[in-house]
Amino acid sequence: MGVWVVAVVAGVVSAGLIVALVVNPDMADQTASVTGAVVGLAALVLAVITLVHRPGTSGGGRRVVAGRGGLAAGGSITGNAIGNRSKAVGPPTPAGPAPASGQDSYVRAARDGLAAGGDVTDNALGDDSERR
């Protein structure tokens with residue numbers, strides 16, 4: 001959305017500068033100088049805001065969201081029995097490597113979905129499933 005706003009504003013400013021050039025060439029030079037300074041300042045402010053605030057994060061850390069009937073895990077899902085009448089048979093599977101610390105993550109499972117921030121291995125998922 002922000003890209004479209006910038007594109008529209010840039011188009012309007014460009015059209016305005018062309019009109020100013022046709023109407024009063026001496027004034028167009030000064031107008032272009034001031035416009036360039038204002039646009040440069042706006043770009044600097046936008047760059048600082050982008051560096052300070054990363055979209056999708058609210059204060060950092062891990063965010064895990066599951067819809068109705070969904071399952072979401074911030075890390076790995078390994079060696080589990082998940083769902084109605086599921087069974088895990090046999091020795092447990094060692095978990096994979098942990099997610100890197102200090103990194104923000106967002107994991108979202110939609111309705112009746114499954115999502116993990118890490119590996120999903122060696123599981124019994126769903127009705128009447130069994131891991132051996």
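Owing to the predicted nature of the structure, the values given are computational and were not obtained by experimental measurement. Side chains are part of it too, since the values below use all heavy atoms of this structure and drop only hydrogens, waters and symmetry mates.
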Below 3.5 Å, can you tabulate the donor-acceptor pairs from side chains in residues 8-18 to any protein atom, sequence neighbours excluded?
| from | atom 1 | to | atom 2 | distance (Å) |
| --- | --- | --- | --- | --- |
| Ser14 | OG | Ala10 | O | 2.9 |

Connected hydrophobic set around Met27, excluding itself, where side chains approach under 4.5 Å: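 Other cluster members: none.
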
For Ala72, all residues meeting side-chain contact (heavy atoms from CB on, under 4.5 Å), sequence neighbours excluded: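 Expected list: Val64, Ala66, Val107, Ala109.
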
Under 3.5 Å donor-acceptor pairs involving side-chain atoms of residues 33-44, not counting sequence neighbours:
| from | atom 1 | to | atom 2 | distance (Å) |
| --- | --- | --- | --- | --- |
| Ser33 | OG | Asp29 | O | 3.1 |
| Thr35 | OG1 | Thr31 | O | 2.7 |

